[in-house]
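Read through the structure below, which is laid out as structure tokens, and then see the notes.
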2 protein chains.
Amino acid sequence: MVYFVNLMVDFIVYRVDNRLMRTYGQHCGLAEALDLVGDRWTLLILRELLIRERCRYTDIKAALPRIATNLLASRLRELERHDLLAREDDPPPVATALYRLTPLGLALEPAILALGQWGARHLAPADKAVMQPHWLVLPLKIFVRDADPAQSRASIELQTGGEKIALSVGGGRHTVRLGAAENPAATVAAKPKVILKLFSGGMSLAAAKAAGLRIDGNADVLRRMLPKTA
Amino acid sequence: MVYFVNLMVDFIVYRVDNRLMRTYGQHCGLAEALDLVGDRWTLLILRELLIRERCRYTDIKAALPRIATNLLASRLRELERHDLLAREDDPPPVATALYRLTPLGLALEPAILALGQWGARHLAPADKAVMQPHWLVLPLKIFVRDADPAQSRASIELQTGGEKIALSVGGGRHTVRLGAAENPAATVAAKPKVILKLFSGGMSLAAAKAAGLRIDGNADVLRRMLPKTA
DNA sequence: CGGCATCCTCTTTGATACTG
DNA sequence: CAGTATCAAAGAGGATGCCG
């Protein structure tokens, strides 16, 4: 399938899917990472799988406005070939393929979070860019902390922009997951922008309430997750 | 200069350098980061500036075999425009332009290290890829630790593949810098591969010596910087 | 030389249409 | 739903030329 074609001195090219795959040809971690995930759209595809854990083709396409469908198909094939994701052909009832990250793909999380944190520092405000609420999961993975690790495990559910996000802390760990929480101590509803400013420390809880945030349940668990500065 | 052209609903394009600049048009940290540094070669250019601190055009070009010269010039212009790097036109004597990272560009270090660390996990061994010894600075930034932070500041100099790398620890910080060290407690010479395995914990100091590593000076400072597992 | 700009070819991407 | 096929446009790679 993959065979090497040595075109010139120190220049290696792979032939994949009947077309050439470029490589930087540098023995350097960054260059080799970019050989695998440096193509356009690739990291955004992995972002979706990181957030949703398992997606259908259409889920990914919907989250990536304007990606060409052939390009998405090609990227998914490449990523599967390189073992960053796996395709589960679901059992007969509903014959829809599901994609999920492999351990190798999941291991990209720190890099994706770091890049996202850097890029978020100058998110142009109020431009025409599309904002999908489930993307909040990434910054929340960065900002959620447990102010009282000794206390028992507790969770809350965020409701924002039509999505639900489950946050839980305790036992020295914290998790952020898209989807409804089980037995949340509180349910918190607010606009995405308010959630983000609240958890990033740029807005106090009082200010967030004034901006429309609503808490249903025990507010202490929410406070426990917020940065100290808030 | 930069003006917006709204081609279609929710699709934004900038015109730069008399050519279109693509954007994902997503209000998401990762997407906005990739809008700025997602183009081919861009992160590798930033890697060079991260390692060398200040480079001439030719230094970067030499470290990036096969980059087209017009492409490098274009990328540098873009990065300067977005304030990731700055061009210093040196004083009259030698009228050579120097490039260095701005604080915004330097802030990419964690993301570049994280990506590099991920990519390094399956560096194909013994392939035709080019290896430049100064690239060792990146993994060393990850692996160097101070086993005894209470002790006073000390530094060593690595000599490998014709390059010198200064490592220093103490005061709760550690630095890795390309170039000769000032008053190093020891000078360590070895092949790049040996250095990397030694600091990543994959090879003991004894094994490294057997593989040709030579220490001139106080070996304790070197031991202090190695991971415990070694 | 160092630092690009131009020109040309080839590859990748984007948009759309179509299929099992 | 989950892609494949097709084709035009944009981008990358390589050679060369220009200018201080």
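These numbers come from a predicted model, not from an experiment. Every chain is numbered from 1 and lettered A, B, ... according to where its sequence line falls, protein lines coming before strand lines.
- The neighbour count for B:Lys61 NZ, taken as heavy atoms of other residues, nucleotides or ligands under 6.0 Å away, is above 12.
- Straight-line distance from the CG atom of A:Leu44 to the P atom of C:dT13: 13 Å, rounded to whole Å.
- Taking atom CZ on A:Arg66 and atom P on D:dA10, their separation rounds to 14 Å, with Å as the unit.
- Proximity of B:Trp41 to the phosphate of D:dG13: a side-chain N or O atom is located under 4.0 Å from OP1 or OP2.
- Out of C:dA15, D:dA10, D:dG3, the shortest distance to the side chain of B:Arg22 is found at D:dA10.
- Within the nucleic acid shown, A:Thr58 comes within 4.0 Å of sugar-phosphate atoms alone, with no base atom in reach, counting heavy atoms only.
- A donor-acceptor distance shorter than 3.5 angstrom exists from the side chain of B:Trp118 to the backbone of A:Leu104, with no hydrogens or angles considered.
- The CD1-C1' distance, from A:Ile67 to C:dG14, rounds to 10 Å in whole Å.
- For the pair A:Glu78 CD and D:dG3 C1', the computed distance is 16 Å after rounding to whole Å.
- Between B:Thr96 and the phosphate of C:dG3, there is a side-chain N or O to OP1/OP2 separation shorter than 4.0 Å.
- Relative ring orientation between A:Tyr99 and A:Tyr57 is described as tilted, the plane-to-plane angle lying within the 30° to 60° band.
- Listed nucleotides: D:dG3, D:dA10, C:dC4. Nearest to the side chain of A:Tyr57: D:dG3.
- The closest donor-acceptor contact from the side chain of B:Glu163 to the backbone of B:His134 lies at 3.5 Å or more, if one exists at all.
- Rounded to whole Å, atom C1' of C:dC4 lies 14 Å from atom CD1 of B:Ile45.
- Nucleic acid contact class of B:Ala73 (heavy atoms, under 4.0 Å, all strands): sugar-phosphate only.
- For the pair B:Asn70 and B:Arg56, nearest-nucleotide mapping onto DNA chain C gives the more 5' position to B:Arg56.
- Atom-to-atom, CG of A:Asp59 to P of D:dG3 comes out at 12 Å; the value is rounded to the nearest Å.
- Following rounding to the nearest Å, B:Arg87 (CZ) and C:dG2 (C1') show an atom-to-atom distance of 13 Å.
- A salt bridge is absent between B:Arg75 and B:Glu78: the closest approach of a Lys/Arg side-chain nitrogen to an acidic carboxylate oxygen does not fall below 4.0 angstrom.
- Using modelled atom types, one side-chain atom of A:Arg66 and one backbone atom of B:Tyr24 make a donor-acceptor pair closer than 3.5 Å.
- Listed by first residue number, the stems of DNA chain C with at least three Watson-Crick or G-U pairs below 3.5 Å are C:1-20 with D:1-20.
- Distance alone, capped at 3.5 Å, is enough to place a donor-acceptor pair between the A:Thr102 side chain and the A:Asp83 backbone.
- Mapped onto DNA chain C by nearest heavy atom, B:Tyr99 and A:Leu71 fall at different nucleotides, with B:Tyr99 at the one closer to the 5' end.
- Between B:Lys61 atom NZ and C:dC1 atom P there is a gap of 15 Å when expressed in whole angstrom units.
- Of the candidates C:dT13, D:dT4, D:dA15, D:dT4 carries the atom nearest the A:Arg77 side chain, counting heavy atoms from C-beta on.
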